[in-house]
Asks: 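Okay, here's the structure, questions in a sec.
Sequence lines set the chain letters: A, B, ... in the order given, protein chains first and strands last, and positions in each chain run from 1.
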2 protein chains.
Amino acid sequence: MSRASDRAYEAIRSMILSGELPAGAQLAEEALAERCGVSRTPVREALRRLESDLLVTRTDTQRSFVADWSIDDVADAFELRAMLEGKAARRAAERMTDAALDRIRGANRRIAEAVGRPVADVVGFLEGNRDFHAVILEVAGSRRLAALLSTLIEQPVVWRTAHQYGREALRRSHGEHEELIAAFARRDGAWAEAIMTGHILRAYHAYADAHRGLAEQGLVREAAE
Amino acid sequence: MSRASDRAYEAIRSMILSGELPAGAQLAEEALAERCGVSRTPVREALRRLESDLLVTRTDTQRSFVADWSIDDVADAFELRAMLEGKAARRAAERMTDAALDRIRGANRRIAEAVGRPVADVVGFLEGNRDFHAVILEVAGSRRLAALLSTLIEQPVVWRTAHQYGREALRRSHGEHEELIAAFARRDGAWAEAIMTGHILRAYHAYADAHRGLAEQGLVREAAE
DNA sequence: TCGAATGCTATTGTATACAAATGTCCGAGG
DNA sequence: CCTCGGACATTTGTATACAATAGCATTCGA
């Protein structure tokens with residue numbers, strides 16, 4: 001962790017994910033440097049990283065803006081993610097160890113707890129979910145696959161609408177994870193791939209439905225205006 | 001094209017691809033800056049880009065080295081590339097236009113010419129091949145897919161052994177391209193995907209065979225020592 | 001009134017200086 | 001002979017100054 005540039009990266013990233021910096025906003029290095037309390041050099045580095053994460057775009061004249069994800073972009077990203085995570089699940093099933101399986105079970109147990117709370121703990125759910133998928137990716141054992149997926153997993157729109165998911169959707173997610181665990185326990189790669197692909201695509205449609213609902217209420221574009 | 005940093009990127013990249021900078025060599029910013037005739041700042045930027053291309057790795061203490069691609073890494077990359085390019089071919093077939101089809105045919109015609117020369121023109125082949133795949137990716141119309149694939153297409157080991165391919169392998173490649181064109185002409189996504197996946201995997205095995213041959217002659221590792 | 005040229009401002013690109021961190025090597029002590 | 005420290009050399013991180021370039025608005029001419 002090289003202090004300043006990582007701090008800048010985290011700071012800008014969270015400003016984008018939270019919507020504090022709305023889609024289309026210009027990202028001037030000097031202004032960001034001041035807001036992050038560092039100089040332009042680490043900010044520049046952070047912007048390049050965010051650009052490769054596709055959270056930031058640059059015009060042909062090198063000016064940076066918060067990326068504006070259209071509905072099609074999100075669909076595109078989910079489609080690719082479904083394919084790649086499916087692949088990861090297949091590889092993971094074929095290489096699964098008992099120790100890793102325990103960690104995956106633990107993550108899903110934490111998810112169950114978060115969902116079971118009197119008031120569903122969405123942040124807890126997201127954390128458990130992240131761990132669950134991270135262990136699978138680790139067991140899949142492909143640096144490249146991990147690198148490719150890392151640019152697809154965190155999208156601002158999704159992040160901001162995750163809280164719209166109902167308890168039912170969270171519970172269904174937990175159930176699909178249980179099925180994945182069964183596939184892993186049997187080391188059945190094809191099964192794991194099928195479930196994972198469906199799991200991601202279902203998550204996409206849950207997002208799309210929630211987003212459509214918001215759009216009808218005129219609640220989505222406000223941040224960009 | 002921001003002059004200095006792009007020059008540094010191209011310069012370092014070609015030094016790696018050509019083997020002038022062997023796998024495992026340390027990349028000190030100052031030394032590279034001097035070799036490229038620029039200051040450290042653009043070199044740093046170039047190194048970050050090369051790192052995201054997986055041509056350069058960094059230790060936990062932030063020192064950069066030319067990435068060392070093991071056989072497994074290469075297999076891994078080809079496997080992913082086969083999947084992603086297959087997907088791209090499917091999408092391209094579904095969205096193909098007559099104009100794009102003409103460009104694809106033109107690229108394959110240039111490949112045929114390069115292969116047909118008295119002495120096979122490998123550089124011409126590679127250029128035509130690049131165009132061929134680039135148009136498909138363009139028609140597929142997924143920025144994300146293009147971004148993911150860009151980190152997989154150019155690998156130093158492959159680059160250096162491409163010249164080992166025999167004329168027969170080049171001709172077979174051309175033939176597979178013709179079949180792809182047929183699938184595109186019929187807008188048959190499933191067909192295009194199947195052929196493309198096979199095309200990439202065949203290329204992988206051609207590479208693996210050539211590489212194995214070199215290894216037996218003890219000709220591969222010399223650059224790393 | 002419209003369009004093009006021009007000067008001003010904002011923003012990014014590059015170089016360089018210095019600080020912080022890492023690696024290396026050699027000597028003292030066990 | 002090995003290991004543990006510590007000084008020195010290398011390398012990377014950050015800040016800042018300055019240069020180059022793009023954007024913008026205003027004005028001048030037709």
Asks: Less than 4.5 Å apart, any side-chain heavy atom of Thr197(B) and any of Glu85(B)?
Replies: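 Of all side-chain heavy-atom pairs linking Glu85(B) with Thr197(B), none is under 4.5 Å.
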Asks: Verify whether one side chain among Tyr9(A) and Asp53(A) offers a donor that lies under 3.5 Å from an acceptor in the other.
Replies: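 Side-chain D/A pair, Tyr9(A) to Asp53(A): present.
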Asks: Separation of Arg58(A) atom CZ from dT21(D) atom P, in whole Å?
Replies: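 Arg58(A) atom CZ is separated from dT21(D) atom P by 16 Å.
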Asks: For dT12(C), does either OP1 or OP2 sit under 4.0 Å from a side-chain N or O belonging to Arg48(A)?
Replies: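 No, outside the criterion.
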Asks: Quick one: Phe65(B) CZ to dT11(D) P, roughly how many Å, whole number?
Replies: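 To the nearest whole Å, that distance equals 10 Å.
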Asks: What is the distance, rounded to the nearest whole Å, between atom CZ of Arg40(B) and atom P of dA17(C)?
Replies: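 Atom CZ in Arg40(B) sits about 12 Å away from atom P in dA17(C).
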Asks: Cation over ring, Arg144(B) on Trp69(A), under 6.0 Å and within 45°?
Replies: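 Yes, a cation-pi geometry.
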Asks: Under 3.5 Å, which N/O atoms of the protein pair with N/O atoms of nucleotides 9-11 of chain C?
Replies:
from	atom 1	to	atom 2	distance (Å)
dT11(C)	O4'	Arg63(A)	NH2	3.4

Asks: What orientation do Phe132(B) and His177(B) show, parallel under 30°, tilted 30 to 60°, or perpendicular over 60°?
Replies: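 Phe132(B) and His177(B): parallel rings.
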Asks: Does OP1 or OP2 of dT14(D) have a side-chain N or O of Thr41(A) closer than 4.0 Å?
Replies: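 So the side-chain polar atoms of Thr41(A) never come under 4.0 Å of the phosphate oxygens OP1 or OP2 of dT14(D).
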Asks: Measure from CD on Glu45(B) to P on dT12(D) and round the result to the nearest Å.
Replies: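 Between P of dT12(D) and CD of Glu45(B): 16 Å.
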Asks: Does dA19(C) have its OP1 or OP2 closer than 4.0 Å to a side-chain nitrogen or oxygen of Arg3(A)?
Replies: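 Looking at the OP1 and OP2 atoms of dA19(C), neither is under 4.0 Å from any side-chain N or O of Arg3(A).
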Asks: Please state whether the phosphate of dT14(C), meaning OP1 or OP2, lies under 4.0 angstrom from any side-chain nitrogen or oxygen of Ser5(B).
Replies: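 Yes.
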Asks: Determine, for Arg49(B) against Glu10(B), whether the closest basic-nitrogen to carboxylate-oxygen distance falls under 4.0 angstrom.
Replies: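 Looking at Glu10(B) together with Arg49(B), the answer is no, because their closest N to O distance does not fall below 4.0 Å.
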Asks: OP1 or OP2 of dG13(D) less than 4.0 angstrom from a side-chain nitrogen or oxygen of Arg44(B), does that happen here?
Replies: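 For dG13(D), OP1/OP2 do have a side-chain N/O of Arg44(B) under 4.0 Å.
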Asks: Which residues pass the side chain to side chain contact (heavy atoms under 4.5 Å, CB included) test with Ala93(A), sequence neighbours left out?
Replies: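 For Ala93(A), the residues satisfying side chain to side chain contact (heavy atoms under 4.5 Å, CB included) (neighbours in sequence not counted) are Phe184(A), Ala192(A).
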Asks: Using modelled atom types only, decide if a donor and an acceptor are shared between the side chain of Arg90(A) and the backbone of Gly189(A) within a distance under 3.5 Å.
Replies: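 Pair absent, no side-chain N/O of Arg90(A) close to backbone of Gly189(A).
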Asks: What is the distance, to the nearest angstrom, from the CZ atom on Arg7(B) to the C1' atom on dA15(C)?
Replies: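 Value for this atom pair: 13 Å.
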Asks: Nearest-nucleotide wise, let me know which of Thr61(A) and Pro42(A) is further upstream toward the 5' end of DNA chain D.
Replies: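 Upstream on the strand: Pro42(A).
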